[in-house]
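Before any comments, here is the structure.
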Amino acid sequence: MPDSWLDIAPDAQFGLATLPYGVYTTGAGGPRVGVAVGDRVLDLGAAARAQGAPFADAVSGPNLDALLAAGRPVWDQVRESLLTWLTDPVHEQVVRPHLVDRASVTLHLPFTVADYVDFYASEHHATNVGRIFRPEQEPLTPNWKHLPIGYHGRSGTVVASGTDIVRPTGQRKPPTEPVPVFGPSARLDIEAEVGFVVGTPSPMGERVAVDDFADHVFGVFLLNDWSSRDLQAWEYVPLGPFLGKSFATSVSPWVVPVAALESARVEQPAQDPEPLPYLRGSQPWGLDLRLEVRLNGHVVSHPPFAQMYWTAAQQLAHMTVNGASLRTGDVYASGTVSGPEPSQRGCFLELTWSGKEPLRLPDGTERTFLEDGDEVTITATAPGPDGTRVDFGEVTGRILPAK
Ligand SMILES: O=C(O)/C=C/C(=O)CC(=O)CC(=O)O
Ligand SMILES: [Ca+2]
Ligand SMILES: [Mg+2]
């Protein structure tokens, strides 16, 4: 990677390998599109206008919607321009005035969320959850290795990182009670996931092929699918997750473009049986993202995304194989990221084996599920070119008592 004229510390969170897009406000003015670089944020619209860039309109709105809709050629042009502007000293005089301190900005939900789908793509997670929820059955259902299982979630409750999460209330049926009881969830959990946002839409009636993933998906971010295990366990048969998951889903504010992940692409785990032809592609779309989950500052897990059985490219092909259209702003999530080791599990249901094996935290406290006041933060990094690091920032949220 070439050097920047900007003083980016060698260990800076967002070096030139990432250049993620987000939406920010400062004290003055409304929301605008920014790019994180070192400890600064570049006002992308203002810089593009000052440079007379042909894509200035697409990055001058209050969010990423117009950039998402602009399509792959424009996404590539913006990223190439950014790299040139930030490395060639000839651009310093025009670009530098549009940098602000990252510490001084407030970050927001970066785009309008259209539809939201959540998958279930970790074999380790699905096996553990099967053992916990359905101990009398085979842990993986017969369809699991033939198609990426998913459900439609609630896009209106996708919230920006930092938004407080009110403990949900609802029906649950403790095994000791003959009838359901009503009240605050007693088994509130997280799910550490990776989210994908669609830029280029597709018409109804047409499929998107696995190999067309990078033409449709703009970027990648972190997602916490807050989950109420007691509401979920009582309501989910036979239609799947509903109120146990629809109360809130948090997303990280910086969207990492797919183009930044070239060095993170790996072969996914071997698939046996071989999936149907519409789920096969010619390029590897496993991604070597290394997640970290913290509870009140203590690391509790290291989920490895490279171990996911189904890739985001296969999930996109599956989502559209029936002719369902894609819209700009559609979000889909990987499903809980869990690896084979106990220290790699992406939710407390697994980490504490349904509350039977509490986690002991370094501060001497114990946890099964989340308590009011708890704060959960998920971060991730991936390899970038030439030994650099791609950073996803964080998604965080704190639990408030039920209303
Ligand atoms: O196996 C089940 O009954 C459901 C499990 C889930 O919690 C669904 C889900 O959110 C999938 C995931 O994140 O991997
Ligand atoms: Ca989930
Ligand atoms: Mg959710």
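Both ligands and their constituent atoms are indexed starting at 1 by order of listing. Excluded from the calculations below are hydrogen atoms, water molecules and symmetry mates; all remaining heavy atoms, backbone and side chain alike, are included. For reference, positions follow the sequence shown, starting with 1.
Between OE1 of E191 and OD2 of D225, the angle at the Ca ion (ligand 2) works out to 80°, rounded to 10 degrees.
Each of Q344, E292, R345 was checked for a side-chain hydrogen bond (donor to acceptor under 3.5 Å, both in side chains) with H302, and the lone residue meeting it is E292.
Taking the six-membered ring for Trp and the full ring otherwise, the centers of H152 and Y116 sit at least 6.0 Å from each other. Between F369 and F348, the gap from one ring centroid to the other reaches at least 6.0 Å. Taking the six-membered ring for Trp and the full ring otherwise, W75 and F218 have centroids separated by under 6.0 Å. Y236 and F133 have their aromatic ring centers within a separation under 6.0 angstrom.
Using a heavy-atom distance under 4.0 Å as the criterion, the protein contacts of ligand 1 are D118, F119, Y120, H125, V129, F133, R134, Y151, E191, E193, D225, R229, Q232, Y236, K245, G335, T336.
Sorting the N, O or S atoms of E193 by how far they are from the Ca ion (ligand 2) puts OE2 first. Of all the N, O or S atoms in D118, the one closest to the Ca ion (ligand 2) is OD2.
No more than 12 heavy atoms of other residues, nucleotides or ligands lie within 6.0 Å of CG in D57, so this atom counts as exposed by the packing criterion.
Applying the ring pair (Phe, Tyr, Trp, His ring centres under 6.0 Å) test to residues at least two apart or on different chains, none of the pairs has a partner in residues 379-403.
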